[in-house]
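Note that these values count all heavy atoms, side chains included, but never hydrogens, waters or copies made by symmetry.
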There are 2 protein chains.
Amino acid sequence: MILQAAKVQFAAHGLNGARMQTIADEAGLPKANVHYYFKTKVSLYLAVLDDIIDRWNEFQDIQIDDDPAEALDRFIRSKVRFSFEDPVSSRLFASEVLQGAPHLGGYMREQLRPWVQHRTDVIQGWIDAGKMRAVDPMQLIFLIWSSTQHYAAFEPQVLSIMNKPRYEPKMQAEVSNFLSNLILTGCGLTPPEPS
Amino acid sequence: MILQAAKVQFAAHGLNGARMQTIADEAGLPKANVHYYFKTKVSLYLAVLDDIIDRWNEFQDIQIDDDPAEALDRFIRSKVRFSFEDPVSSRLFASEVLQGAPHLGGYMREQLRPWVQHRTDVIQGWIDAGKMRAVDPMQLIFLIWSSTQHYAAFEPQVLSIMNKPRYEPKMQAEVSNFLSNLILTGCGLTPPEPS
DNA sequence: GTCTATAAGCTGATAGAC
DNA sequence: GTCTATCAGCTTATAGAC
């Protein structure tokens, strides 16, 4: 699969650093075939980016009527799951932003910003209703994004410090439980039972 | 300054993606001069990496006798300061790890792992002494790293969502206060007065 | 659609004058 | 030490047979 091979290379080396030859090798094709399906390197890069944007925020909405503890717990677990199940997409997103997000500016303005705006409104509503501590809703979202994505983008560092060759199966649950417990407690909420 | 220009380019594009010509242009020198001071691209890259490793964890030690709230507050603020005052170094570190940390493996094993080991021991000591809630000390360190570094590595995303062209001066204090307050509360500690 | 061969231009690195 | 000119090899992309 060309897109998958390209995603891995672009995630690790960025647009400039990735090599069409390497992508072709990883996909098991002659380089010319890659250019048959994707005329230029940039168009391949954009195709890969489009592919991940769709699933970036696919978890269910949060609503003003939701229980804050349950909704935030779901949010956090959904993000941790994404990090562990599709770490390459997380890395590609991080790589693109590190380069200044030159190909994601439109997406951020037109899709991600309203997405965040809606969530901050809901969280502020919970705060105004006295359902949770008064914390900055936008910074809370950034905290959840950063702490969950860390295990994908910084996997080599985490593994090196834990002195392990790869994540163990229980790791995802441990991270979910830790983050949900600490963040919800930090918001003055009672964390749900660990699942 | 060659090292500074190189740091910016390597941070944004990685080792393979950065261009010696661009580095030379940004430093205001002919490309040949860069090669006079640094024989190869890799040696320049390593020089830049060495330059940031020294200051990566320069804040003062935490000790078992410290007050947990004060020590963690200092830790968090120190990391936020680093993110806002030297975001390029944070980005370069992130870029290198995204590429699999091929040039930082030794540093992580020999320096960073013992560094973390010592801190987790201290935090576990606090927990055993009943001074704070029982949370996983290593994951707590990862949480502080990820949440503080986010504002450097993901600056374009944060700014785009906040609809601002650059960080305002008060941003660093707001982030420090938010993170310190939420994380310490999450640890069952009473946050110090915001500074 | 797939593949080999190759063109056209870019990139890291050096030679050599000053 | 600094600079211009240039080389050798790499990289993207295409041409053209099958």
Side-chain angles (χ1 to χ4, degrees), chain A residues 1-52 88-89 91-105, chain B residues 1-53 88-89 91-106:
Chain A
M1 181 62 173
I2 295 175
L3 281 174
Q4 181 57 28
K7 195 193 281 188
V8 172
Q9 292 304 310
F10 285 133
H13 303 288
L15 172 59
N16 285 350
R19 299 288 169 245
M20 295 297 278
Q21 185 65 65
T22 307
I23 292 170
D25 292 347
E26 294 291 316
L29 293 168
K31 192 178 51 168
N33 290 33
V34 178
H35 277 101
Y36 174 76
Y37 290 104
F38 301 93
K39 195 139 185 48
T40 68
K41 191 184 187 181
V42 170
S43 69
L44 174 57
Y45 185 72
L46 292 176
V48 173
L49 274 187
D50 275 345
D51 199 46
I52 68 165
V88 179
S89 292
R91 282 183 211 126
L92 176 58
F93 193 87
S95 169
E96 163 69 11
V97 177
L98 269 180
Q99 292 171 53
H103 304 90
L104 280 181
Chain B
M1 180 62 176
I2 295 173
L3 281 174
Q4 181 57 27
K7 196 192 283 189
V8 171
Q9 291 305 309
F10 285 134
H13 303 288
L15 172 57
N16 285 349
R19 299 290 169 243
M20 294 297 279
Q21 185 65 64
T22 307
I23 293 170
D25 292 347
E26 293 292 315
L29 294 167
K31 191 175 55 169
N33 290 32
V34 179
H35 277 101
Y36 174 77
Y37 290 104
F38 301 93
K39 196 138 185 50
T40 68
K41 191 185 188 181
V42 170
S43 69
L44 174 56
Y45 185 72
L46 292 176
V48 172
L49 273 187
D50 276 345
D51 199 46
I52 69 165
I53 284 179
V88 179
S89 292
R91 282 184 211 126
L92 176 59
F93 193 87
S95 170
E96 163 70 10
V97 176
L98 268 180
Q99 290 172 53
H103 303 91
L104 280 181

Go along nucleotides 13-18 of chain C 5' to 3' and tag each nucleotide: B for a protein heavy atom under 4.0 Å from its base, S when only backbone or sugar atoms are that close, - otherwise.
-> BBB---

Spacing between A:Q21 atom CD and C:dA5 atom P, to the nearest angstrom = 13 Å

What pairs of residues pass the side chain to side chain donor-acceptor pair (under 3.5 Å) test when at least one of them lies in residues 93-103 of chain A, not counting sequence neighbours?
-> A:Y45-A:E96, A:S95-A:Q99

Hey, can you pull the residues of residues 6-19 of chain B with a non-hydrogen atom under 4.0 angstrom from DNA chain C?
-> B:A18, B:R19

Any side chain to side chain donor-acceptor pair (under 3.5 Å) involving residues 2-11 of chain A? Give me the pairs, sequence neighbours left out, ordered by first then second residue.
-> A:K7-A:S89

Hey, could you give me the CD1/CG distance between B:I53 and B:L92, rounded to the nearest 0.5 Å?
-> 9.5 Å

Reckon A:Y37 touches a base, only the sugar-phosphate, or nothing at all at heavy-atom distances under 4.0 Å?
-> sugar-phosphate

In short, ring pair (Phe, Tyr, Trp, His ring centres under 6.0 Å) pairs touching residues 20-39 of chain A with sequence neighbours left out are none

A:D25 CG - D:dT12 P separation (whole Å) | 12 Å

Let me know the distance between CG of A:N33 and P of D:dT12, rounded to the nearest Å.
-> 16 Å

Are A:L104 and A:F93 close enough that some pair of their side-chain heavy atoms sits under 4.5 Å apart?
-> yes

Enumerate donor-acceptor pairs with a distance under 3.5 Å from any side-chain N or O in residues 12-33 of chain B to protein atoms, sequence neighbours excluded.
unit_1 : atom_1 : unit_2 : atom_2 : d
B:R19  : NH1    : B:N16  : O      : 3.0
B:Q21  : NE2    : B:D25  : OD1    : 3.0

Close side-chain approach of B:V48 and B:L44, heavy atoms under 4.5 Å | yes

